[in-house]
**Q** 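Shown below is the structure under consideration.
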Amino acid sequence: MKRALVAFVSVAVLIGGTGSAGWAQTSQSAANSSLPKITGCTAKGHISFFHWGDKNTDKGFRQAISAAEKACPGLTVDNQWDQGNYDTDLKTKIGSGNAPDLFMLDGAKRIAQYASQGALANLNSFVKRDKLNLKKTYVPQCLPQMQYKGKTYGMMLACSDQQLLFYNKDMFKARNVKFPTDKWTYKDFRAAAMKLSGNYSVPGDPTSKLRFGYVGSTDDFAVQQYIWQWGGDWTNKAGTTCTLDSPAAAKGLQWWVDLKYKDHGAPTAQQAGSLGDKVSGFRDQSFAMSFMGPWAMNYTFGKSPGSTVTPVKFKWGVVTPPKGLKNNQTLVASTGLVVYSKSKNKNAAYWLAKFESLGKGGQVYAAVGDDTPGALALYKNKAVKKEFGSIIGVQNKAYKTARRPVQLLNYDQFYSAVANDLSPMWSGQTSAADATKKACTDAKQYLNP
Amino acid sequence: MAVGAQAAPVDKGSNQHRQEMLWGYGLTSIWLIGFLVFSAAPIIIALFISFTDWNPIRDGAFWNARGNGVSNYKIFLADHRYWHAVWNTIYYSVGSVGLVNVVSIPVAVLLNQKLRGINIYRTIAYLPAIMPAVATVLIFRMMFQPSSGFISWILTRLHIQCDPSQLTCNPYDWLSNPRLTMPAVILVSTWALGQTMLIYLAGLQGISGSYYEAAAIDGANTWEQFRNITLPLLTPAIFFNVVIGLIGAFQEFTKFIIWSGGAGGFSGGPSDSLLTLFTYSYEKGFEDNLMGLATAMAFGLFVLIGIFTVINFVGQRRWVFYQEER
Amino acid sequence: MALQGTGAPPRTAAPVAALSAISPKGTERTGHSSRVIAYVVVGLLCVFSLFPLYWMLENSLRSESDASNSVTFWPEEFHWSNYSTMWNSLTYPFHIFLINSFVMAGLVTIGTVASCALVAYGFARFRFAGREFLFAVIIGTTMIPYAVMMIPQYAMFINVFHWGGGGSAFGYHNLYQFLPQIVPAFFGSPFFIFLLRQFIRGIPYDLDEAAKVDGAGPLRIFWTIILPELRPALAAVTVLTFIGKWNDFLGPLIYLTDAHNWTIELALNSFIGRYSTIFNLQMAASLMSMLPIMIVYFIASRQIIEGVTLSGVKG
């Protein structure tokens, strides 16, 4: 089965690969790449490392760090951890000129942002010194998120598709709806969502309550994917013009607003408050479908070894996201380990980053399974296979149409301005056309220069 | 204010006098040093920063920042979000101070009655005023949840809104409808009316009982007594509460940050309906790293507070009634 | 309004002034039927004040889906385990945050009380050139909004004093981050200096004179005569400073960037980020942040009211 998939996938890459050169397939590339031996430890001294995640993630990092300290006796590491307020705290730490030597950073949103402000160390010379072939080492779909203007700033810890369609089989059965397939279009999605919405009970939750077909996420990743499916985007490729107000983008968003307010296949903003988000609401069986990444194994289903979340009682499945009017591009995001530009021990920080993403640390971290790894070779790791086996195949299919968010140097501010202006649209008070027009006026100031 | 005994006069130039001077300077210098370091120096730094484009991530320390003249002031004066924040700040301040004061006066009159256990009632009524703002907002956010909250529950029972358990029902959305968010925040501010109420209570107790006795002889009923005696004699307290209340409300921060989803997110809430001058300045400074712009904006808030305080002091002559000093 | 301290306890100004004037007994006389109405309305007022707190307690004991889906006034089942779940749901267990809050508020209180009492003593009992001017400056500083001071103070603490940030420079537990919160408190707080000065001026000067005749120096007079008389006022300053700093959010938000240093208010803030829709745990955590304040208040409320009233100072 696996071999068949690899074969199928390789053919698909050969056929469809012309447009997107370098979109190699994870599992295929994994077959002929192996972890570089992290030997000749040159790291010495004391460095600090800062990460987000839950207790399980922290456990993984603690193990990875003690492995690193064992492999490199001259190195000691402070493990600092923050959940709930990571981005703000990190910003303040950097702003005060005294940030950790090595820290985790969101590749899709923030690496370019921090790199452009000079907060991150350029790792090119280290990569060159170690003769690392990044394209063969890391999942190529995510690699550009580690780079800005041709320089590499991050060692990739995780790479994943953020918008895989997870569904609750019990709810589909209760409402007599056919399970989703990889060939689904938005029409099928809408029809199913409408049928799955209403007051009913499921075997695992016998109380009859208001349930919906789809969560109706309105976060930044969801918004971008909604727009992409209709052939739009929120900015041009360089990120210098706002195109959120283009007809395609507005149409894409309006479809999702209508799903909430006209079709009642997803909760309206007013109904959503009590139903939970794409994780908690899906766990509660308030929603039959939710777009999530492989991280759902840990945070939603509690399937990771040592996960702090209790496993769900219902049966679930996962497929690639449905196809929109124009295409079915799907959003990939990554997590990088980046070195602080003012770090006094960049060599040690880089070594630890390499160790944690590629070396034994990577294996330890992969065993905890917060997200699918960034290093191709780790896909051969038993723990990774065991945990993400059911997802990797689907993810690889989705990777064929993988797309990255535009590298905006003020991603957070841009999205915050957009979100503010889209909020009346999501609560049904203005049309997508009006909301996007206003969003472009307000977000203009945060475009790339 | 009651003036206490003054220090006894001493002969100038005497040894004793010099000693006293030394002690005076010594003791007050504790504050003076703190003032110079923690207040005076920052004001000067603030002026400096407001004329630069200091970005701590890019520039490091503030003295490395590049000057950019008055452009920060130009930027925010031309920013329609800033003026929206000005409007929200005034909306909230006037709304909450007005509502809290209107509610507090009858409450204070009530708590001024001779009732059994009145101290317990006063203690309970004042309690919300000292509750931490973060937790308070969390409680009320939960109560204001559009379909599962307590407010929604009441509105549904009173048939003011549809039944949220129906698929097509859209209940009042206190948390994301930009027209309802600010009224919700203002309504919640009445919960913590303890501060204001206590001032009125103090004011009421300062009113001599002889006024009421005289009015009772003239046959004035309770309402007339309240209208013609209590209210006019309470105007100094009203004035004090309005001035202090407005200055405090203009600087409300925690409530808005938490109400719009916690720090680290977007400070403005839905459609910027909860964006105030303080939270906007914080957002520019600590989220967007535009410290110069943020400082300039804060001076804008300073000016706004100044304008309102001056209006209050000028306007008071028309309506504040001062009792003759005893 | 208040200054110097970061975050500032501005709201504490009003109650001291107000409480001071409250005598324990009411003044207005009322008839029988209106008394009944008064009791009913007072009852409603108490319900209004206490219901949100009850709501918090009640929902903190319900299951996650019950709390987010329905309204009840008595828990369907008592989920006491919510508290242990909540306790361990953030980076560090909640007692770390409680200890941080307690130590920070405690040190700020000690600093404020000690410095304000001494400075007020200096202003009230010693004559020196420029005294009235300096006092006017104190009153003036209460008018500068913290919004204006926030960034320059940050710039100074971070860039000049290097109190802040994180990373390896100061080791793992970067306790320097607490300094911007605590140190300014040791240099007095304008409003409380003003208040205590008024108090000290109310203490008869004859007592000082008598002590002076006995050969007591200024510090001895402060210790044996002023402090005992000042005790009710200091009690009020203590409680209000402690509550004000415990409740402070903005100051800690700016400076305490290590999760190990978070106060309970910051922990609550991160709770929203992490568990935005898990209401039962949110309410349990909220209760944890309120409980210490409620205890302090119920122990000390009488003392504040009586103490401040006795000394007869009016704002």
Side-chain angles (χ1 to χ4, degrees), chain B residues 1-2 4-5 7 20-21 23-25 27-28 30-31 34 38-39 42 45-46 61-62 110 112-115 118 121 123-125 127-128 130-132 134-135 138-139 142 148 150 153 195 198-199 201-202 205 209 247-248 251 253-254 262-264 278 281 285 291 294-295 298 301-302 305, chain C residues 1 3-4 14-15 18 21-23 26-28 30 38 41-42 45-46 49 52 56 69 71 115 118-119 121-123 125-128 141 145 147-149 151-153 155-156 159 184 187-188 201-202 204-205 218 243 247 249-250 253 265 268-269 272-273 279 282 286 289-290 297 301 314:
Chain B
M1 70 191 60
E20 197 181 326
M21 289 246 311
W23 274 100
Y25 285 125
L27 289 170
T28 53
I30 298 173
W31 163 78
F38 300 122
S39 300
I45 297 174
F62 68 88
L110 182 70
N112 196 33
Q113 307 297 315
K114 272 186 191 165
L115 298 175
I118 191 71
Y121 309 137
T123 308
I124 291 175
L127 174 69
I130 53 154
M131 289 291 106
V134 180
L138 286 187
I139 296 173
M142 186 181 173
S148 64
F150 176 70
W153 183 84
Q195 319 273 15
L198 273 187
I199 307 253
L201 201 48
Q205 305 215 329
I247 291 175
Q251 297 182 64
F253 177 82
T254 314
F278 201 172
S281 168
M291 292 293 188
T295 313
L301 174 61
F302 195 11
I305 293 176
Chain C
M1 199 169 92
L3 198 61
Q4 292 215 352
I22 296 170
S23 73
T27 50
E28 288 187 30
T30 41
V41 181
V42 151
L45 178 71
C46 291
S49 291
M56 165 178 69
N69 282 319
V71 171
S115 59
L118 284 169
V119 174
Y121 177 56
F123 273 115
R125 283 292 198 253
F126 302 94
R127 294 192 156 192
F128 52 90
T141 52
V148 173
M149 308 297 291
I151 288 169
Q153 278 189 350
M156 198 176 68
N159 295 155
F187 294 91
R201 283 164 59 123
Y205 196 69
I243 292 175
N247 292 350
F249 175 69
L250 180 53
L253 177 69
E265 299 299 292
L268 267 187
N269 173 51
I272 321 171
F279 293 113
Q282 269 183 29
S286 301
S289 81
M290 285 185 165
Y297 178 64
S301 66
K314 290 177 190 171

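Convention: sequence-line order gives letters A, B, ...; per-chain numbering from 1.
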**Q** Could you work out, with side-chain contact (heavy atoms from CB on, under 4.5 Å) as the rule, every residue matching C:Glu265, not counting sequence neighbours?
**A**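 With neighbours one apart ignored, the set is B:Pro132, B:Val134, C:Trp246, C:Phe249, C:Thr263, C:Ser289.
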**Q** Is there side-chain contact between B:Phe38 and C:Met156, with heavy atoms separated by less than 4.5 Å?
**A**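 Answer yes - side chains close enough.
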**Q** Can you tell me how far the CG atom of C:Leu268 sits from the OG1 atom of B:Thr254, to the nearest 0.5 Å?
**A** 11.5 Å
**Q** Do C:Leu250 and B:Gln251 have side chains that get closer than 4.5 Å, going by heavy atoms?
**A**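 No - every pair of side-chain heavy atoms lies 4.5 Å or more apart.
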**Q** Which answer fits C:Leu118, side chain, backbone, both or neither, if we ask what part of it has an atom under 4.5 Å from a heavy atom of chain B?
**A**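 Its backbone and side chain both get close to chain B.
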**Q** Return the set of residues passing ring-ring contact (aromatic ring centres under 6.0 Å, His included) with C:Phe128 (not counting sequence neighbours), or none when no residue passes.
**A**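 Residues passing ring-ring contact (aromatic ring centres under 6.0 Å, His included) with C:Phe128: B:Tyr25.
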**Q** Between B:Phe253, B:Phe302, B:Phe150, who has the most heavy-atom pairs with chain C when the cutoff is under 4.5 Å?
**A** B:Phe150
**Q** Passes side chain to side chain contact (heavy atoms under 4.5 Å, CB included), C:Val42 versus B:Leu110? Steps please.
**A** CA-CA 7 Å; C:Val42 151; B:Leu110 182 70; 3.4 Å; yes
**Q** Locate the shortest heavy-atom distance separating C:Ala155 from B:Phe62; write the atom from each residue and the value.
**A** CB-CD2, 3.5 Å
**Q** B:Ile30 and C:Ser115: which non-hydrogen atoms are nearest, and at how many Å?
**A**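 Smallest interatomic distance, heavy atoms only, reads CG2-CB, 4.1 Å.
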**Q** So B:Tyr121 and C:Leu45, side chain to side chain contact (heavy atoms under 4.5 Å, CB included) or not? Walk me through it.
**A** CA-CA 8 Å; B:Tyr121 309 137; C:Leu45 178 71; 5.9 Å; no
**Q** Examine whether an atom of B:Ile130 lies under 4.5 Å from a heavy atom of chain C, and if so say whether it belongs to the side chain, the backbone or both; otherwise answer neither.
**A** both
**Q** What do the steps show when you test B:Ile124 against C:Ser49 for side chain to side chain contact (heavy atoms under 4.5 Å, CB included), and what is the final call?
**A** CA-CA 7 Å; B:Ile124 291 175; C:Ser49 291; 4.0 Å; yes
**Q** Looking only at non-hydrogen atoms, find the nearest pair between C:Ala38 and B:Leu115 and report the distance.
**A**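 Where C:Ala38 meets B:Leu115 most closely, the heavy atoms are CB-CD2, 4.1 Å.
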**Q** Closest heavy-atom contact between B:Ala135 and C:Met290?
**A** CB-CE, 3.7 Å
**Q** Can you tell me which of B:Leu127, B:Ile305, B:Ile45 forms the most heavy-atom pairs within a distance under 4.5 Å of chain C?
**A** B:Leu127
**Q** Which atom names give the shortest non-hydrogen contact between B:Gly285 and C:Ile151, and what distance separates them?
**A** CA-CD1, 4.4 Å
